[in-house]
Each structure stands twice: as structure tokens, then as C-alpha cells.
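Just follow the structure's listing: the first ligand is 1, and inside any ligand the first atom is 1.
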Amino acid sequence: MPAAFEGETVTRRRLFTGGAMAAGGVASAAFGLPALGFAVGPMFEDETPDRFQDVGPEADFNPQTYVSKVITLVAQDVGEAGKTTIYVRRSDPERDRDKLKQPYVAISTRCAHLGCPVRYVQASERFICPCHGGVYGFDGKVEGGPPVRPLDRFETRVENGRVLVGERFSVNSKLDRHAVRDPSNHLDGIWQYLYPPRPTT
Ligand code: FES
């Protein structure tokens with residue numbers, strides 16, 4: 001082998017070059033892998049509480065107006081930051097002719113535009129977003145402003161006279177149920193295919 005002493009199978013230069021590259025690779029992995037783990041790891045963590053949460057007795061609710069309740073949205077121990085306000089009312093067979101067939105309507109306060117908290121105004125029977133003027137009707141469908149889909153909802157059921165609220169889901173303009181999506185993700189027409197769901201939105 002040129003530039004090698006007799007009996008050597010690798011030159012000193014090649015040995016040092018290989019060693020330097022290996023050390024560089026280890027150093028890059030030491031910095032890169034933790035960063036990659038932090039970036040990608042949350043996508044595979046299920047932060048959604050998998051149990052139904054009690055939001056009060058049936059007597060607390062009626063079909064004519066919404067009652068605000070606070071539920072835990074993030075299962076991990078993040079204190080108050082993991083809680084959110086939702087609006088709940090009893091379903092009305094006359095008004096709620098959708099296919100969702102939930103005994104109670106539980107609506108998210110997260111605006112479907114960019115996520116600001118919406119507020120229910122009983123006088124107009126509408127949800128109003130203070131950020132960019134988004135307006136939603138009594139059933140959470142968009143009536144004005146920039147939001148691209150209705151407000152998200154939560155599963156509901158009744159047990160022993162108590163109203164329970166479960167998983168969040170998103171709905172399109174016909175109130176068909178979809179996997180939960182981020183704000184600003186469309187769920188109607190061709191646009192819905194440009195916004196596939198994330199595993200843990
Ligand atoms: S965040 Fe609600 S309208 Fe923009």
C-alpha cells in the first residue's frame with residue numbers, strides 16, 4: 001500500500017481522517033438527536049384525556065341557551081394551562097337535525113380561524129370571536145368573518161343524571177364529524193385534502 005510501512009493495512013492519514021469523521025458524527029448526533037426527539041416526540045404522545053368528564057347534573061342545562069363549563073383538555077399535569085372553557089346545552093330535536101346525535105351539544109371556545117377564545121352572546125344567539133370578527137350561529141356554524149369551518153365539538157353522554165363530556169372532534173359545514181383538526185384547517189370541498197389531520201392535534 002503506498003505511503004504505508006510494511007505490514008500496515010491502513011495509512012496513518014486514513015486512520016486519522018476516519019477517526020475525525022467518527023468523532024464529528026458522534027458530536028452531531030449528541031446535538032441533533034435530542035433536538036429531533038423534542039420536535040417529533042409530542043406528535044406521538046396522546047395528550048387527550050381518555051375518560052369522560054362530569055360537567056354537572058342534567059338540571060343545569062336546557063335547550064334554549066348555553067352554559068359555560070371548564071374541562072381539562074390536556075391530561076398531563078400542566079395545571080390551569082391544561083383547562084379550557086366549553087359551552088354546553090341540551091340538544092333540541094327541532095333545532096339539532098344533524099347526524100351527530102349527541103344528547104347534549106358541547107361546543108369548543110377555540111375559534112376555527114386562528115384559535116382565539118370565542119364568547120357566546122345569548123341576545124343574538126351567536127358565538128363571537130374578538131380577534132378578527134368571526135361569527136358563529138347557535139349551532140356553531142360559521143355565519144361571518146374568516147373562520148373556515150364550524151366550532152369544534154365534544155362527545156357527550158348522560159350517566160346517572162350527570163352530563164359527561166368526552167373527546168373533542170371537528171365538524172364540516174354540514175356538521176359531519178371529522179377527526180379533530182387545528183384552527184384554520186378546512187373540512188369542506190377540495191381544500192380539506194390540503195389539510196390532513198395531525199396524529200395528536
Ligand atoms: S381567531 Fe377568531 S376570527 Fe380570527
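- Arg126 and Glu143 are joined by a salt bridge, as a carboxylate oxygen and a charged side-chain nitrogen come within less than 4.0 angstrom of each other.
- Side-chain contact of Glu125 with Tyr120: a donor-acceptor pair under 3.5 Å is absent, judged by distance alone.
- For the disulfide bond (SG atoms under 2.5 Å apart) condition, the pairs that include at least one residue of residues 131-172, sequence neighbours left out, are Cys116-Cys131.
- Ionic pairing of Arg97 and Asp139 is not present here: no N-O contact between side-chain nitrogen and carboxylate oxygen is shorter than 4.0 angstrom.
- Checking Arg149 against Ser173 by side-chain atom types alone, no donor-acceptor pair falls below 3.5 Å.
- Protein N/O/S atoms closer to atom 2 (Fe) of ligand 1 than 2.8 Å number 2 in this structure.
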- request: May I have the step-by-step check of ring pair (Phe, Tyr, Trp, His ring centres under 6.0 Å) for Phe138 and Tyr66, ending in yes or no?
  value: CA-CA 9 Å; Phe138 190 67; Tyr66 285 92; 5.2 Å; yes
